[in-house]
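To start, the structure under review is shown below, and the notes come after it.
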Amino acid sequence: MVNDTISDMLTRIRNANMVKHQIVQIPSTKVSLAIAKILKEEGFIEDFENYSEKNKKYLLISLKYIGKSRQSVISTIKRISKPGLRVYKNSKQLPRVLDNLGIAIISTSKGVMTNLKAKELGIGGEVLCYIW
């Protein structure tokens, strides 16, 4: 039983990237599905797919690599808000990750989105993670 599904997802992706796996399997939740959609839109992963096995839902995430040396597109993935210490920011305090070369994933009242989209909509929320 995992208490923090977001940390579990990010750790699985980080570990799969280190050993250059093509696909990683993650238990499916609404938030992990939303994060996977954002990662695909921003070009950090190739694709993702929902599937069920023995009444449990999973996400299969296809990781993205560059060149013959298989350099990972995701160089760093870092969890910010944790169950023991939640981090909230309003629209004016939203973080800029590597001068907008990376993204921050924010959980807002309008759903899970990137820091750039949240700033555009003028809303803040819980800062889930940084990715670059």
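The chain is numbered in sequence order, starting from 1. All of these numbers come straight from a predicted model, not from anything done at the bench.
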Quick one, [X] and [Y] - any side-chain contact, counting heavy atoms below 4.5 Å?
X	Y	answer
Met9	Ile35	yes
Lys64	Phe44	no
Thr5	Ser32	no
Ile123	Lys110	yes

Inter-residue atom distance [X].[atom1] - [Y].[atom2], 0.5 Å rounding:
X	Y	atom1	atom2	result
Ser28	Glu49	OG	CD	11.5 Å
Arg79	Asp4	CZ	CG	4.5 Å
Ile103	Ile131	CD1	CD1	4.5 Å
Asn115	Leu94	CG	CG	6.5 Å
Lys82	Leu128	NZ	CG	13.0 Å

Nearest heavy-atom contact between Lys40 and Glu46 is CE-O, 3.6 Å
Which residues pass the ring-ring contact (aromatic ring centres under 6.0 Å, His included) test with Tyr51, sequence neighbours left out? Tyr58
Applying ring-ring contact (aromatic ring centres under 6.0 Å, His included), can you list everything that pairs with Tyr65, at least two apart in sequence or on another chain? none
If you apply the rule side-chain hydrogen bond (donor to acceptor under 3.5 Å, both in side chains), what do you find for Asp47 with Ser62, and how did you get there? CA-CA 5 Å; Asp47 202 4; Ser62 177; over 6 Å; no
Check each of Ile13, Leu63, Ile61, Val73 against Leu39 using the side chain to side chain contact (heavy atoms under 4.5 Å, CB included) test, and report the only one that passes. Ile13
Does atom NZ of Lys119 have more than 12 heavy-atom neighbours, drawn from other residues, nucleotides or ligands, at distances under 6.0 Å? yes
Cluster overlap Ile6 with Ile45, hydrophobic side-chain contacts below 4.5 Å: yes
